[in-house]
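See below for the structure under consideration.
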Amino acid sequence: MKVLVVGNGGREHALAWKLLQSNKVEQVVCVPGNGGTATLERCQNLPLAVDDFEGISQFALKKGISLVVVGPEVPLSNGITDYLQNQGLMVFGPVKAGAQIEASKAWAKALMQEAGVPTATAAVFRESAAAKSYLQAQGAPIVIKADGLAAGKGVTVAETIEQAESAIDTIFQGQFGSAGNFVVIEECLLGQEVSVLALTDGLTIRPLLPAQDYKRIGEGDTGENTGGMGAYTPTPIATPELMARVQTEVLEKTITALRNRGIDYRGVLYAGLMVAPNGDFKVLEFNCRFGDPETQVILPLLETPLEDLILACIDQRLREMPPLAWKEGAAATVVAASGGYPGDYEKGKIITGIQKAEAAGAIVFHAGTKLNSAQQIITEGGRVLNITGTGENFQEAIAQVYTGIKHIQFPGVYYRRDIGHRVLKIET
Ligand code: AMP
Ligand code: GLY
């Protein structure tokens, strides 16, 4: 079978890599892909934009693509699944109506409230004065969210009323485009964030291993928020008891609520949870796709062929699938970033040491890279590579990452040296 993967990040490289481990997958085409997918065996890139639905569809139909797997949220929320399905293609990823669960925080909040899913208390406003008077009544700390896709930048955890007011002003001034039509003001939750990615066929929903990512740029979780600087799985915070509660109180309730709204949601439902020190949890957000960089640690431990799971979701046969098989142990990943990220950074730097890192046992997923005309891998984004390690325990997995990442060189390379510190403290 030939598979087309939409996207160009580390997540998409990991999806292509995992799919190609199966001898049933003869070829993967990545749209547009990156330097990693360009150099992966049996994989090739197709230089189309992720929102060129017509181009993707024509290529897929002409080349006999039997499955399209969509990575990012933007094409999903613009209806890529609906479009390609109408052309007769098989697509993994929810339809546009389902992708609202990520694309509109107000919509997702209403769904959670209706379904009785534990989530932070929140209110939605369409104009500044009402938002600010609610804010005064609530006090700080408080969380201000733009109601839409803002590439992870639409959320402010405000320590003071002044910070919250200025976040409200920024949103209503249109900084986030149409995501600025509504503001969601939400109770500030404390604890540790856990990502539960689950596969669903609209009726049955099965979680993958729970993961944790590191969102801040700086060591000790300091500095600006990023798309994610590292991750690990399975996190010990998500105990079997907690996962059982997430299954019934979050995942099943949400799928039922979606069905009640007439939405046949097939794909990944990703619940971002805040787990309090006493073990209680609330949902911070839902995403309609695989997480990045969580996918880069979850898939290396997955033993069940990914295409079997994906096809079972599309054909609504997930209930018949045997329990998911996982490698024992742990996986961790660290992002090698361009100097200056998440602010301005330069591109086009030649990267060396990838093969040495791989020879040391690490898996190197490319994120912001490309293959230049001289067949060299160069930097093309802020988050450049995801150096991933696996092992019988976290100590082994993390050691493999840091042994591998030492070989990676390009001018300005930056990475956090403390990824995994939370689990190592628990393990040792
Ligand atoms: P979201 O896009 O809604 O997940 O928000 C992005 C990030 O903001 C989350 O990953 C959290 O780190 C933080 N955040 C969001 N909502 C809350 C909340 N209610 N309390 C504390 N932190 C939050
Ligand atoms: N790792 C966070 C996300 O994928 O949204």
Side-chain angles (χ1 to χ4, degrees), residues 101-102 108 111-112 115-120 189-215 228 231-258 265-304 306 309-310 312-313 318-333 390 392-394 397 420 422-427:
I101 202 158
E102 174 165 2
L111 185 90
M112 284 190 259
V117 169
T119 186
L189 301 175
L190 295 176
Q192 283 200 40
E193 288 180 52
V194 173
S195 307
V196 178
L197 281 59
L199 301 176
T200 181
D201 62 3
L203 295 174
T204 301
I205 184 154
R206 296 224 184 143
L208 303 174
L209 290 180
Q212 280 190 278
D213 70 351
Y214 287 77
K215 293 207 161 68
Y232 56 82
T233 190
T235 170
I237 294 182
T239 57
E241 295 73 34
L242 184 117
M243 288 301 285
R245 285 186 58 197
V246 170
Q247 177 70 21
T248 53
E249 295 173 33
V250 177
L251 302 177
E252 287 172 6
K253 279 187 180 170
T254 304
I255 282 301
T256 305
L258 286 163
Y265 190 107
R266 305 185 196 191
V268 175
L269 180 69
Y270 161 160
L273 308 176
M274 185 70 92
V275 180
N278 69 1
D280 273 348
F281 64 87
K282 288 185 177 170
V283 176
L284 288 176
E285 61 162 351
F286 281 117
N287 294 319
C288 63
R289 50 167 176 86
F290 285 104
D292 188 335
E294 291 92 330
T295 304
Q296 292 89 301
V297 287
I298 292 171
L299 293 183
L301 295 186
L302 179 66
E303 283 187 331
T304 310
L306 181 61
L309 292 167
I310 286 178
C313 287
L318 193 57
R319 198 166 55 91
E320 296 158 29
M321 291 292 286
L324 271 60
W326 297 100
K327 284 195 183 79
E328 292 281 330
T333 194
T390 56
E392 283 183 12
N393 51 38
F394 281 109
R422 302 187 204 118
V423 263
L424 284 182
K425 259 191 254 160
I426 297 171
E427 202 171 69

Q. Donor-acceptor pair, Gln247 side chain versus Ile205 backbone, under 3.5 Å?
A. yes
Q. In this structure, which one of Leu324, Thr233, Val297, Leu197 forms a side chain to side chain contact (heavy atoms under 4.5 Å, CB included) with Leu209?
A. Thr233
Q: Applying side-chain contact (heavy atoms from CB on, under 4.5 Å), run through Leu258 and Leu111 and close with a yes or a no.
A: CA-CA 8 Å; Leu258 286 163; Leu111 185 90; 4.1 Å; yes
Q: For Tyr214, check ring-ring contact (aromatic ring centres under 6.0 Å, His included) against everything at least two apart and list the hits.
A: Tyr232, His421
Q) Looking at OG1 of Thr295 and CG of Asp213, how far apart are the two atoms once the value is rounded to the nearest 0.5 Å? A) 10.5 Å
Q) Looking at Leu301 and Gly329, what are the two nearest heavy atoms and their distance? A) CD1-O, 4.1 Å
Q | Flag for Thr333-Gln296: side-chain donor and acceptor within less than 3.5 Å | A | no
Q | Exercise: identify the closest heavy-atom pair between Pro293 and Ala231 | A | CG-CB, 4.0 Å
Q.
Ignoring hydrogens, what is the shortest heavy-atom contact between Met321 and Leu309? Give both atom names and the distance.
A. CE-CD2, 3.9 Å
Q. Any idea which heavy atoms bring Pro234 and Phe394 closest together, and the distance?
A. O-CZ, 3.2 Å
Q. Can you tell me how far the OG1 atom of Thr204 sits from the CZ atom of Arg266, to the nearest 0.5 Å?
A. 11.0 Å
Q: Output the distance between atom CG (Leu199) and atom OH (Tyr270), rounded to the nearest 0.5 Å.
A: 14.5 Å
Q.
Filter on salt bridge (Lys or Arg N to Asp or Glu O under 4.0 Å), then keep only pairs touching residues 196-209, sequence neighbours left out; what's left?
A. none
Q | Straight-line distance of Gln192 CD to Arg422 CZ, nearest 0.5 Å | A | 5.0 Å
Q.
Looking at every heavy atom in both Thr304 and Ala325, which two are closest together, and how far apart are they?
A. OG1-N, 2.8 Å
Q. Does a salt bridge link Lys282 with Asp280, judged by any charged N lying under 4.0 Å from a carboxylate O?
A. no
**Q.** Heavy-atom side-chain proximity of Ile101 to Thr254 below 4.5 angstrom
**A.** yes
For a quick test of your reading: what N or O donor-acceptor pairs under 3.5 Å do the side chains of residues 235-243 make, sequence neighbours left out?
{"from": "Thr235", "atom 1": "OG1", "to": "Gln212", "atom 2": "OE1", "distance (Å)": "2.7"}
{"from": "Thr235", "atom 1": "OG1", "to": "Ile237", "atom 2": "N", "distance (Å)": "3.3"}
{"from": "Thr239", "atom 1": "OG1", "to": "Glu241", "atom 2": "OE1", "distance (Å)": "3.4"}
{"from": "Thr239", "atom 1": "OG1", "to": "Leu242", "atom 2": "N", "distance (Å)": "3.1"}

Q: For residues Ala397 and Ala332, report the shortest heavy-atom separation together with the two atoms involved.
A: CB-N, 4.1 Å
(Q) Taking CD in Glu303 as the centre, count heavy atoms belonging to other residues, nucleotides or ligands within less than 6.0 Å. Is the count above 12? (A) yes
Q: Find out whether Phe290 and Ile298 are in side-chain contact, i.e. whether some heavy atom of one side chain is under 4.5 Å from a heavy atom of the other.
A: no
Q) Do Pro207 and Val246 come within less than 4.5 Å of each other through their side chains, counting heavy atoms only? A) no
(Q) Distance check, rounded to the nearest 0.5 Å: Glu392 atom CD versus Lys327 atom NZ? (A) 12.5 Å
Q) Between atom CG of Leu273 and atom OG1 of Thr119, what is the distance when rounded to the nearest 0.5 Å? A) 10.0 Å
